[in-house]
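Here is the structure we will look at.
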Amino acid sequence: MKVLNAAAAAPGYLQVVAMGLITVFVVLICLIILIKIVGAIMGSTSAAPAAPAPQPAAPAAPAQGNKQQLVAAISAAIAEEMGSSVEHIRIHSIRKL
């Protein structure tokens with residue numbers, strides 16, 4: 001009676017891991033080369049840089065009523081996030097980032 005060794009027929013796990021890693025890195029290197037080639041082609045075709053987009057006009061300073069509504073909205077959002085009441089929140093200043 002002949003006993004078949006299953007491990008001898010199948011490739012070793014280290015061989016499978018090595019082939020997987022080699023395949024992944026070869027494909028990544030091919031992608032890098034392809035991206036560089038396409039970048040070089042696209043960079044050479046654009047002779048003149050595009051004109052910058054016009055900047056939108058800055059909004060005027062909000063009126064006092066709008067500023068109070070803004071403070072109320074911010075206070076409500078902070079209170080909701082903290083799970084507390086609006087009375088426990090004191091906003092000292094608001095500045096645009």
Side-chain angles (χ1 to χ4, degrees):
M1 203 167 173
K2 192 174 184 184
V3 177
L4 295 175
N5 188 356
Y13 68 92
L14 289 177
Q15 183 181 2
V16 173
V17 170
M19 288 301 295
L21 287 173
I22 289 170
T23 303
V24 166
F25 283 107
V26 166
V27 170
L28 286 175
I29 290 170
C30 290
L31 280 173
I32 289 171
I33 293 170
L34 182 67
I35 289 171
K36 287 191 182 277
I37 290 171
V38 170
I41 292 170
M42 296 303 288
S44 64
T45 59
S46 61
Q55 296 292 330
Q64 186 64 22
N66 289 342
K67 192 168 186 175
Q68 289 175 351
Q69 290 176 352
L70 178 66
V71 170
I74 292 173
S75 300
I78 293 172
E80 179 69 28
E81 183 66 30
M82 291 175 55
S84 65
S85 173
V86 178
E87 289 84 27
H88 296 104
I89 297 173
R90 174 184 265 168
I91 296 179
H92 295 281
S93 67
I94 297 175
R95 61 186 166 107
K96 189 175 183 178
L97 295 177

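For clarity, every value in this text was computed on a predicted model and none was experimentally measured.
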Point to revise | Cluster link Val71 to Val86, ILVMFWY, side chain under 4.5 Å | key: no

Check your understanding: Are Met82 and Ile91 grouped together when hydrophobic residues (ILVMFWY) are joined by side-chain heavy atoms under 4.5 angstrom apart?
Key -> yes

Study note, to complete from the structure: When rounded to the nearest 0.5 Å, the distance separating NE2 of His88 from OG of Ser75 is 13.5 Å

Exercise for review: Supply the atom-to-atom distance Ile29 CD1 to Leu34 CG, rounded to the nearest 0.5 angstrom.
Suggested key: 13.5 Å

Point to revise | Heavy-atom side-chain proximity of Ile41 to Ile37 below 4.5 angstrom | key: yes

Review point. To the nearest 0.5 Å, what is the distance between CD1 (Ile94) and CD1 (Ile74)?
Key: 4.0 Å

Study note, to complete from the structure: Of Ile22, Val24, Leu28, the one forming a side chain to side chain contact (heavy atoms under 4.5 Å, CB included) with Val26 is Ile22

